[in-house]
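Note: hydrogens, waters and symmetry copies are ignored here, and every other heavy atom, side chains too, is used.
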Amino acid sequence: MGKWIRRIIMLVLLAIFLFSVISIAIILYQYKVSDQLYESTASQYTIQSAGGGGEDAGAQTPQGGENVPEAKVTAPFSVDFEGLQTVCGDVAGWIYCEDTPINYPVVLGKDNDYYLTHNFDGSASASGSIFIEAANRPGFADSNTIIYGHHMKNGSMFATLDKWAEQEYYEEHPVMWLLTPEQDYKIVLFAGYTTSAYSDTYVIFQGPGGELDAWLEKCKGQSDFDAELELEGDARYVLLSTCAYVFDNARYVLHGKLVPVDSAGGVPFEK
């Protein structure tokens, strides 16, 4: 009788082991498929600017220095939003940070659930998408817009946000880029810290006012890094959020000021 019990226990343990191995294999496969999707999406729908981004090559200082025109600042690449939106009508922008894995389309869905478990093209995935809080207005019209992304164990999506807890990392990566069909922005980072998913960090302000000013100062005061940036109440801001694992329902967040540049979708405006 004891021999049969031992055999049953061994079979149960073997079944649990095989189930765990298969589950891990499926997850790793999903990671690989998701990474390949976003890599191919970036390759197909983005094009690096000839000048590498920043100042327009045509804005040179004339000899003599008289009436020097202000140089254009444009996004470092362009995005084929028309093509992207034929794949997914929810695409609202593209977020990018140089020398990091952050290089993804940004979507705005009808709720905050669907894109937790789906790529932007609608395929099921544990990696999900980079997506905007459903309560925010389209076009980054609110004073602060919340953007979510998973903290993936393979370093993809928003897994690198907590690296900004180090001053040195912030100084190496002080800005990101947000491209949209209507207007491109530099995201000038000014605060990063760990907070609860239920904290008042996630309050949405539709417009300027004293409460927004106080909120901005509070967020900056919690930051893990020091940034010299004037927080203007009439500017617009983004909050980037991902999971953290220091306590239950912990999140790591980055705050950034949206600074408009002279391009939309990476294409310079004509003056």
Side-chain angles (χ1 to χ4, degrees), residues 34-59 69-110 115 118-123 127-134 136-149 156-158 173-189 235-240 254 256-271:
S34 181
D35 287 349
Q36 289 175 341
L37 169 67
Y38 285 111
E39 286 174 8
S40 65
T41 299
S43 176
Q44 182 175 356
Y45 294 103
T46 69
I47 302 173
Q48 290 294 316
S49 300
E55 296 182 355
D56 181 16
E70 184 178 351
K72 283 186 179 180
V73 177
T74 61
F77 59 96
S78 61
V79 179
D80 177 10
F81 280 112
E82 185 176 349
L84 267 177
Q85 288 172 342
T86 63
V87 178
C88 175
D90 290 338
V91 169
W94 191 285
I95 190 167
Y96 168 76
C97 185
E98 187 177 4
D99 295 328
T100 77
I102 298 174
N103 187 27
Y104 300 106
V106 179
V107 294
L108 173 59
K110 296 180 176 62
Y115 286 111
H118 290 81
N119 292 317
F120 83 99
D121 67 348
S123 58
S127 298
S129 301
I130 304 298
F131 66 96
I132 299 167
E133 162 63 50
N136 275 120
R137 292 182 292 170
F140 300 89
D142 294 318
S143 287
N144 65 309
T145 297
I146 303 168
I147 304 176
Y148 302 105
S156 64
M157 308 311 284
F158 274 178
H173 307 85
V175 300
M176 296 187 188
W177 287 92
L178 177 65
L179 282 66
T180 80
E182 300 79 26
Q183 173 70 63
D184 299 337
Y185 305 90
K186 278 187 177 180
I187 304 176
V188 183
L189 302 173
R236 285 179 289 166
Y237 300 86
V238 289
L239 166 65
L240 313 181
L254 276 181
K257 177 181 176 181
L258 291 179
V259 178
V261 297
D262 300 310
S263 61
V267 178
F269 294 133
E270 293 184 4
K271 290 187 177 180

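- When all heavy atoms of A235 and K257 are compared, the pair lying nearest together is CB-CE, 3.9 Å.
- Here the straight-line distance linking atom NZ of K186 with atom OG1 of T74 works out to 10.0 Å at 0.5 Å rounding.
- Counting heavy atoms from C-beta outward, S129 and Y148 have side chains that stay 4.5 Å or more apart.
- Closest non-hydrogen pair, H173 versus E98, comes out as CD2-O, 3.3 Å.
- Residues F158 and I147 have side chains in contact (heavy-atom distance under 4.5 Å, counting atoms from C-beta outward).
- Atoms CZ and CH2, from F81 and W94 in turn, are 8.0 Å apart once rounded to the nearest 0.5 Å.
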Can Y96 and L179 be said to form a side-chain contact (heavy atoms from CB on, under 4.5 Å), step by step? CA-CA 8 Å; Y96 168 76; L179 282 66; 5.6 Å; no
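- No side-chain heavy atom of M176 sits less than 4.5 Å from a side-chain heavy atom of V238.
- Contact check for C88 versus Y115: side-chain heavy atoms found under the 4.5 Å cut-off.
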Should V259 and V73 be marked as a side-chain contact (heavy atoms from CB on, under 4.5 Å) after you check the CA-CA gap, both sets of side-chain angles, and the distance that decides it? CA-CA 11 Å; V259 178; V73 177; over 6 Å; no
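- Atoms CG and CG, from D184 and D262 in turn, are 9.5 Å apart once rounded to the nearest 0.5 Å.
- N119 places no side-chain N or O within donor-acceptor distance of the main-chain N or O of D121, the cut-off being under 3.5 Å.
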Show your reasoning for whether side-chain contact (heavy atoms from CB on, under 4.5 Å) applies to L254 and L239. CA-CA 6 Å; L254 276 181; L239 166 65; over 6 Å; no
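- Side-chain atoms of Y185 and T180, non-hydrogen and from C-beta on, do get closer than 4.5 Å to each other.
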Should Q183 and F269 be marked as a side-chain contact (heavy atoms from CB on, under 4.5 Å) after you check the CA-CA gap, both sets of side-chain angles, and the distance that decides it? CA-CA 9 Å; Q183 173 70 63; F269 294 133; 3.7 Å; yes
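- Between R236 and T145 the shortest side-chain heavy-atom distance does not fall below 4.5 Å.
- Residues A75 and S263 come closest through the heavy atom pair N-OG, 3.2 Å.
- Residues M157 and I130 have side chains in contact (heavy-atom distance under 4.5 Å, counting atoms from C-beta outward).
- One distance of note links OH of Y237 with CD1 of I146; it measures 15.5 Å at 0.5 Å rounding.
- Counting heavy atoms from C-beta on, the side chains of L108 and D90 never come closer than 4.5 Å.
- Atom CG of D80 sits about 11.5 Å away from atom OG1 of T41, to the nearest 0.5 Å.
- Taking CG of L189 as the start and SG of C97 as the end, the distance is 7.0 Å to the nearest 0.5 Å.
- In plain terms, the two heavy atoms of P181 and A264 that are nearest each other are O-CB, 3.5 Å.
- Shown are P105, S156, S43; of these, the side-chain contact (heavy atoms from CB on, under 4.5 Å) with Y38 is made only by P105.
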